[in-house]
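Quick note on labels: first sequence line is chain A, next is B, and so on, each numbered from 1.
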Amino acid sequence: MRNRQVARLLDSIADALEIRGEGRFRTNAYREAARNIENLPGDIEEIWREEKLEDIPGVGKSIASKISQYLESGHSLYLEEISRALPTGLTEILGIPGLGPKKARILHDRLGVSSVEELVAAAQRHEIQKIKGMGAKSEANILKGIERFRQSGKRLLLGEAWPLADQVARMLSECPWISAISPAGSIRRRAETIGDIDVLAASSEPEKAMDAFLSLSIVREVLMKGPTKSSILTGEGLQIDLRVVAPDSYGAALQYFTGSKSHNVELRGIAISKGLKLNEYGLFRIDSGARLAGRNEEEIYEALGLAWMPPELRESRGELEAAAEGRLPDLVEIGDLRGDLHSHTDWSDGRDSLEEMARAAIAHGYQYLAITDHSHSLGVAHGLDARRVREQGEQIESLNKKLAPFKLLHGCEVEILNDGHLDYPDELLASFDLIGASLHLGMGQSSEKITRRILTAFRSRVDILNHPTGRLLNQRPPFEVDLAAVFAAARKRGIALEVNGQPSRLDLKDIDARRARDLGIPLALDTDSHQSGGLDAMRYAVATARRGWVEKKDVINTLDLDQLLQYLGRERKAA
DNA sequence: GCCGTTTTCGGCCCGACTGTTTTCAGTCG
């Protein structure tokens, strides 16, 4: 899968074209194509081999030939050509908030600036304010922007941003001038990482609502302030944007600010084709200006001939077509889950006891919880040897008598060793209720090697492949693995793939979960909890699965206990 | 550069905010 690399290439081309002063429609075409390729459910290399690149929306003859040339050779002649005369530092300058291609170009042409360092020096010598069209304020803002650019590290994880956005919304909901409030943007779509936090409010007194926002205790700096839109920085350097609209426009604005951008562009195209205009204030007839909808999202989609769809779907991945044809998925919900199939206790590297974990699961309304402590080879996690596995099994058995009808399943997270064998012998594996297999060691190996290890492991008894790509958001890329081969083998053997809800994992990721679902591979939504509070992370697994169009029927832990045991083949063994 | 129920040319989402402007360009989302 080189989809992401190709998307990055097209973005780099767009950056270079922008700085060169090419028309924005041309650069937008490259960006549009990049987004579409990033969101592609299929493998770009496969599409390329089948000579179907031009079937991808936004990809025509010219872009297709550049992709072909890149995939063939691993580098882009075109990008090299257009960036030959451009200092590489200029594209870095584009990352500074408030600086776009036009200003970057002017700074380069007039002051010879070609890196962030040179820009700082020019600003400190007060050369920027001498340029026509810029002043002292621009110069100060550039320095401020550079400071933010340097501090702004990684994007926030959904697991960090979602609770924070909810907290902001809760605080503002107490303001008497605000009649409705909701997080919007990528948080509402439950994207895996978040740039800025967007919040939308409805108010008939927008300025008073805005004042309430700007006087929240979390505000460190006001970046921008207007009657309908303000931005602040928190003490941690997070940007929070609040939009305020009239209650009549709340639905239109919520739709608009939830995005995604490409979903909105597509939706607007549909509106235009029907002689309508959609903006954050409502849906209007172009000819008469008459307003057709705007109070809530449902009536907007409906007026466009579409079913309302959950925000998680709004990524321009075929959801509008599905909505028009009435075949939107009936997405899995957190209330559908009957248990969690991946958790750890103080027997290995978890914090809480078997009973504490069981009680937390009961508090979540679950029928079961699989305890899946690490196996022997994962020394750093105090993996269990055969003797301790048996002891743990006995404790689980006696706990189950006490906690019935709730059931702890005795599982394991067994290492896939270097040769692909599992870390426990077959006899021991047979004693578990459930086997989750994981790869924590040798993650830097070649794709061939890692793929072979996983396929070899699948010949043993494996019920679930845990965090199948091993990625850690902001920390570690997924290991090289031929997911198509893993999917094919999982499908053949009926092995479930995990959607791991740890905020730093979310693995499988949304589009991979969707590919698995499309292939009919069962999925397990798990938290990988290492303490009782960790069970709350199920909402991140559910969010990721929903972004992957996953339905209740695709998920094994939506099964009732008896159905799950049947699925795992345990009843057969007991008999 | 892409695209087509205004189809091979002439469009391309569009509104808010800022700064430097006396009417608008640049940036952002």
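- The P atoms of B:dT7 and B:dG1 are separated by 24 Å, rounded to the nearest whole Å.
- Taking atom C1' in both B:dC12 and B:dC17, one finds a spacing of 24 Å when rounded to whole Å.
- Rounded to a whole angstrom, the distance from the P atom of B:dC9 to that of B:dC14 is 24 Å.
- The gap from the P atom of B:dG11 to that of B:dT6 amounts to 15 Å, rounded to the nearest Å.
- Computed from coordinates, the A:Arg35 CZ to B:dC2 C1' distance equals 16 Å when rounded to whole Å.
- A donor-acceptor pair is defined here as one N or O able to donate and one able to accept, closer than 3.5 Å; no such pair exists between the side chain of A:Glu551 and the backbone of A:Pro329.
- Of the candidates B:dG29, B:dG1, B:dT18, the closest approach to any side-chain atom of A:Asn141 belongs to B:dT18.
- For the pair A:Gln239 CD and B:dG29 P, the computed distance is 6 Å after rounding to whole Å.
- Counting only residues at least two apart or in different chains, side chain to side chain donor-acceptor pair (under 3.5 Å) contacts with residues 190-206 of chain A comprise A:Arg155-A:Thr193, A:Glu192-A:Arg471.
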Donor-acceptor pairs under 3.5 Å, side chain of residues 168-182 of chain A to any protein atom, not counting sequence neighbours: which ones?
| residue | atom | partner | partner atom | Å |
| --- | --- | --- | --- | --- |
| A:Ser173 | OG | A:Arg170 | O | 2.6 |
| A:Ser179 | OG | A:Ala202 | O | 3.3 |

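- A:Ser68 and A:Glu72 form no side-chain donor-acceptor contact under 3.5 Å, judged by distance and modelled atom types alone.
- One interatomic measurement links the two molecules: CG of A:Asn28 to P of B:dT27, which rounds to 13 Å at whole-angstrom precision.
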Pairwise N/O distances under 3.5 Å, protein to nucleotides 14-16 of chain B:
| residue | atom | partner | partner atom | Å |
| --- | --- | --- | --- | --- |
| B:dA16 | OP1 | A:Tyr281 | OH | 2.5 |
| B:dA16 | O3' | A:Thr228 | OG1 | 3.0 |

Under 3.5 Å donor-acceptor pairs involving side-chain atoms of residues 307-324 of chain A, not counting sequence neighbours:
| residue | atom | partner | partner atom | Å |
| --- | --- | --- | --- | --- |
| A:Trp308 | NE1 | A:Glu297 | OE1 | 2.8 |
| A:Glu312 | OE2 | A:Arg546 | NE | 2.7 |
| A:Arg314 | NE | A:Tyr301 | OH | 3.4 |
| A:Arg314 | NE | A:Met309 | O | 3.2 |
| A:Arg314 | NH1 | A:Glu297 | OE2 | 2.9 |
| A:Arg314 | NH2 | A:Glu297 | OE1 | 2.8 |
| A:Arg314 | NH2 | A:Met309 | O | 2.8 |
| A:Glu315 | OE2 | A:Arg189 | NE | 2.7 |
| A:Glu315 | OE2 | A:Arg547 | NH1 | 2.9 |
| A:Glu315 | OE2 | A:Arg547 | NH2 | 3.3 |
| A:Ser316 | OG | A:Glu266 | OE1 | 2.5 |
| A:Arg317 | NE | A:Asn39 | OD1 | 3.2 |
| A:Arg317 | NH1 | A:Asp510 | OD2 | 3.3 |
| A:Arg317 | NH2 | A:Asn39 | OD1 | 3.0 |
| A:Glu319 | OE1 | A:Ser316 | N | 3.2 |
| A:Glu319 | OE1 | A:Arg317 | N | 2.6 |
| A:Glu319 | OE2 | A:His263 | ND1 | 2.7 |
| A:Glu319 | OE2 | A:Glu315 | N | 3.2 |
| A:Glu319 | OE2 | A:Ser316 | N | 2.6 |

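- Contact annotation: A:Ser138 side-chain N/O to B:dT20 OP1/OP2 distance is under 4.0 Å.
- The distance from atom CZ of A:Arg31 to atom P of B:dC2 is 15 Å, rounded to the nearest whole Å.
- The salt bridge (charged side-chain N to carboxylate O under 4.0 Å, His left out) search around A:Glu221 returns A:Lys144, not counting sequence neighbours.
- Rounded to an integer number of Å, the gap from A:Ile270 CD1 to B:dG4 P is 13 Å.
- Between the side chain of A:Asn3 and the main chain of A:Glu38, no donor-acceptor pair closer than 3.5 Å is present.
- Scored by the salt bridge (charged side-chain N to carboxylate O under 4.0 Å, His left out) test, A:Arg285 finds no partners at all (sequence neighbours excluded).
- Using N1 to N3 plus N6-O4 or O6-N4 for Watson-Crick, or N1-O2 and O6-N3 for G-U wobble, each under 3.5 Å, B:dC3 pairs with B:dG10.
- Nucleic acid contact class of A:Lys274 (heavy atoms, under 4.0 Å, all strands): none.
- For the pair A:Leu223 CG and B:dC17 P, the computed distance is 14 Å after rounding to whole Å.
- One atom, CG of A:Asn36, and another, C1' of B:dC12, lie 14 Å apart when rounded to the nearest Å.
- Rounded to the nearest 0.5 angstrom, A:Tyr250 OH and A:Tyr281 OH are separated by 15.5 Å.
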Any N/O pairs under 3.5 Å between the protein and nucleotides 22-26 of chain B? List them or say none.
none

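- B:dT27 and B:dT20 are spaced 14 Å apart, taking the P atom of each and rounding to whole Å.
- A cation-pi arrangement is found for A:Arg539 relative to A:Trp162, the charged atom lying closer than 6.0 Å to the ring centre and inside a 45° cone about the ring normal.
- Looking at A:Gln69 and A:Ser73, their side chains do bring a donor and an acceptor atom within 3.5 Å of each other.
- For B:dT5, neither phosphate oxygen OP1 nor OP2 lies less than 4.0 angstrom from any side-chain nitrogen or oxygen of A:Ser273.
- Atom CZ of A:Arg20 is separated from atom CG of A:Leu90 by 12.0 Å, given to the nearest 0.5 angstrom.
- Nearest-nucleotide positions on DNA chain B place A:Ala64 closer to the 5' end than the other of A:Asp196 and A:Ala64.
- For DNA chain B, no neighbouring residue in residues 299-322 of chain A is found when judged by any heavy atom under 4.0 Å.
- Annotation: salt bridge (charged side-chain N to carboxylate O under 4.0 Å, His left out) contacts of A:Asp248 (sequence neighbours excluded): A:Arg295.
- By the side chain to side chain donor-acceptor pair (under 3.5 Å) test, A:Arg2 pairs with A:Glu45, sequence neighbours left out.
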Would you list the atom pairs, donor with acceptor, under 3.5 Å between side chains in residues 233-247 of chain A and any protein atom, with sequence neighbours excluded?
| residue | atom | partner | partner atom | Å |
| --- | --- | --- | --- | --- |
| A:Thr234 | OG1 | A:Glu236 | N | 3.2 |
| A:Thr234 | OG1 | A:Glu236 | OE1 | 3.3 |
| A:Thr234 | OG1 | A:Leu238 | N | 3.2 |
| A:Gln239 | OE1 | A:Arg148 | NH2 | 2.7 |
| A:Gln239 | NE2 | A:Asp241 | OD1 | 2.9 |
| A:Asp241 | OD1 | A:Ser231 | OG | 2.7 |

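- B:dT21 and B:dA16 have their P atoms separated by 24 Å, given to the nearest Å.
- Within the 4.0 angstrom heavy-atom criterion, only backbone atoms of the sugar-phosphate kind lie near A:Tyr30; the bases stay farther away.
- For the contact set between residues 116-137 of chain A and DNA chain B, defined by any heavy atom under 4.0 Å, the members are A:Gly133, A:Met134, A:Gly135, A:Ala136, A:Lys137.
- One interatomic measurement links the two molecules: CG of A:Leu99 to P of B:dG19, which rounds to 13 Å at whole-angstrom precision.
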